[in-house]
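Residues: numbered from 1 along the sequence shown.
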Amino acid sequence: MKFKLGDFVRFVDEKREGYVTKIIDAQTLGVTDEDGFEIPVAISNLTSVHGHGAVAEEHDAPKPVQVNVPLISKIENGIYVAVATDNKAGNVVHFHLQNQSPGVLLVSLTTERKEKYAGAFHGIIEAYQSALVYSASLADLDLWPEFSFQILISAKTDVKPVDPLVIRKKFRAKDFSSEQKELPIAKNKGWLIRLDDLAPITIDAQKLKESFFKSPAEKKTVDAPAKEIDLHIEKLRDDHHFLEPDEILQIQLNHFQNSLDAAIVHHFDKMVFIHGSGNGTLRDKIHKLISKNPHIKTYMDARKEKFGYGATEVVFK
């Protein structure tokens, strides 16, 4: 019988029960009893307790005292690992891969420790859904493997395809040093770690080499953008009435990035992006991207007498 972390088990040769909190080796598990002691037990000496769960607890155990746990109320579109604590099994945590985006994810998770590899998960995660991909004990954090996520992103809208993501993550104590919070989708508290921010930037060495030998005229194959870029969705798409808010935002951000890149190629000294005032989401996203761009000297609100507070002027280096 195969046991998992968090399973409730009973000892065969004595009257004792507990939760599986450590997988020691192929024949031995660590089981934590009701007194909080973790005991190494042979798998052959354990049996599962079927039906042990929420219904049994409702009658047999007192209801837990409710405490105020901070809630993660606003999440940016992206790919996250929600590391959720187990309400019953002490140090056990469960890794939920969360797709907080309008796209569909095709995911493969491989673990590696001491050059030994294991396939931990593969599957499809729909938009704004979650999947349990791994479980481990926090007490064994130093023994955790390195995680390798391979992710293909499928968009349902008219947007440029995103390159596949290969993200390697070695979890460390600092990842769990912050306060636990109520996790989105998952009904537990824990830690939320964004993955797609960790994706490495890949550089095509051959293309980089070829670019050194191109003439200035050859390099400028990108059309020069307008000095003022209007990002209102009605200016970008005729079918905007049929788009979801997340789709609209992604289209606006793609147009912003393409226009910004073109302005850099053509050595603009400055340009204006008209984003409107609204609820400030598009403005905040744009400012975040601008602040990370090494080609930008500064940015500010554009002329208020012309645009009000609905435009940002970018000054290039």
Side-chain angles (χ1 to χ4, degrees), residues 75-80 100-103 151 153 155 157-168 194-233 235-237 246-317:
I75 305 174
E76 293 184 357
N77 277 358
I79 303 169
Y80 297 81
Q100 295 286 351
S101 78
I151 303 173
I153 304 173
T157 57
D158 180 18
V159 296
K160 184 179 179 181
V162 179
D163 290 337
L165 301 179
V166 178
I167 304 164
R168 291 181 175 84
R194 185 164 185 174
L195 280 184
D196 48 338
D197 275 354
L198 304 176
I201 298 173
T202 56
I203 298 174
D204 189 321
Q206 182 60 32
K207 288 184 178 179
L208 182 62
K209 181 179 178 181
E210 290 173 356
S211 70
F212 292 144
F213 299 98
K214 288 183 178 179
S215 67
E218 287 179 306
K219 291 181 181 180
K220 287 190 178 179
T221 57
V222 179
D223 292 335
K227 293 284 188 178
E228 293 180 3
I229 302 296
D230 195 335
L231 296 175
H232 286 91
I233 192 62
K235 300 291 185 180
L236 306 178
R237 292 283 290 264
D246 285 322
E247 296 171 340
I248 291 173
L249 180 61
Q250 192 59 55
I251 291 168
Q252 291 172 314
L253 289 174
N254 287 344
H255 191 72
F256 160 78
Q257 190 64 61
N258 291 337
S259 301
L260 186 70
D261 292 343
I264 292 170
V265 168
H266 288 275
H267 302 290
F268 277 23
D269 55 349
K270 59 179 143 180
M271 72 187 307
V272 173
F273 291 97
I274 306 168
H275 45 67
S277 48
N279 60 14
T281 300
L282 178 59
R283 177 181 181 272
D284 292 344
K285 292 276 189 182
I286 286 173
H287 284 190
K288 184 176 180 180
L289 291 171
I290 290 172
S291 65
K292 294 180 178 179
N293 195 304
H295 300 284
I296 293 173
K297 181 178 181 181
T298 188
Y299 62 96
M300 64 205 77
D301 289 330
R303 288 177 295 158
K304 295 184 177 64
E305 63 274 14
K306 181 176 180 180
F307 303 106
Y309 290 94
T312 296
E313 183 176 12
V314 175
V315 178
F316 297 97
K317 291 182 179 178

Reported OG1-to-CD1 distance for the pair Thr281 and Ile248, which is rounded to 0.5 angstrom = 12.0 Å
Just how far is it from atom CG of Leu253 to atom NZ of Lys288, taken to the nearest 0.5 Å?
-> 11.0 Å
Could you name each residue pair satisfying salt bridge (Lys or Arg N to Asp or Glu O under 4.0 Å) that touches residues 274-283, not counting sequence neighbours?
-> Arg283-Asp301
Less than 3.5 Å apart, which donor and acceptor atoms pair up between the side chains of residues 270-277 and the rest of the protein, not counting sequence neighbours?
{"unit_1": "His275", "atom_1": "ND1", "unit_2": "Gly310", "atom_2": "O", "d": "3.4"}
{"unit_1": "His275", "atom_1": "NE2", "unit_2": "Thr312", "atom_2": "OG1", "d": "2.8"}

What residues, two or more places apart in sequence or in another chain, satisfy salt bridge (Lys or Arg N to Asp or Glu O under 4.0 Å) together with Lys297?
-> none
CD of Gln252 to CD1 of Ile229: how many Å apart, nearest 0.5 Å?
-> 13.0 Å
Does His232 have any side-chain hydrogen bond (donor to acceptor under 3.5 Å, both in side chains) partners at least two apart in sequence or in another chain, and if so, which?
-> Asp230
Please name the pair of heavy atoms, one in Asn77 and one in Asp196, separated by the smallest distance, quoted to 0.1 Å.
-> O-OD2, 4.5 Å
Ring pair (Phe, Tyr, Trp, His ring centres under 6.0 Å) partners of Tyr299, counting only residues at least two apart | His287
Drop me the distance from Ile251's CD1 to Asp246's CG, to the nearest 0.5 angstrom.
-> 11.0 Å
Distance-only donor-acceptor pairs under 3.5 Å for side chains of residues 255-264, two or more places apart:
{"unit_1": "Gln257", "atom_1": "NE2", "unit_2": "Asp261", "atom_2": "OD1", "d": "3.0"}
{"unit_1": "Asn258", "atom_1": "ND2", "unit_2": "Asn254", "atom_2": "O", "d": "3.2"}
{"unit_1": "Ser259", "atom_1": "OG", "unit_2": "His255", "atom_2": "O", "d": "2.8"}

Name all residues meeting the side-chain hydrogen bond (donor to acceptor under 3.5 Å, both in side chains) criterion together with Arg237; count only those two or more places apart in sequence or in a different chain, and write none if there are none.
-> Asp239
Compare all side-chain heavy atoms of Leu165 with those of Leu195 and state whether any distance is below 4.5 angstrom.
-> no
Sorted by chain and residue number, the salt bridge (Lys or Arg N to Asp or Glu O under 4.0 Å) partners of Asp269 (sequence neighbours excluded) come out as Lys227
Mind checking side-chain hydrogen bond (donor to acceptor under 3.5 Å, both in side chains) for Asn293 and listing every partner two or more places apart, or none if nothing turns up?
-> none
Which pair of non-hydrogen atoms, one from Pro225 and one from His266, has the smallest distance, and what is that distance?
-> CD-CD2, 4.5 Å
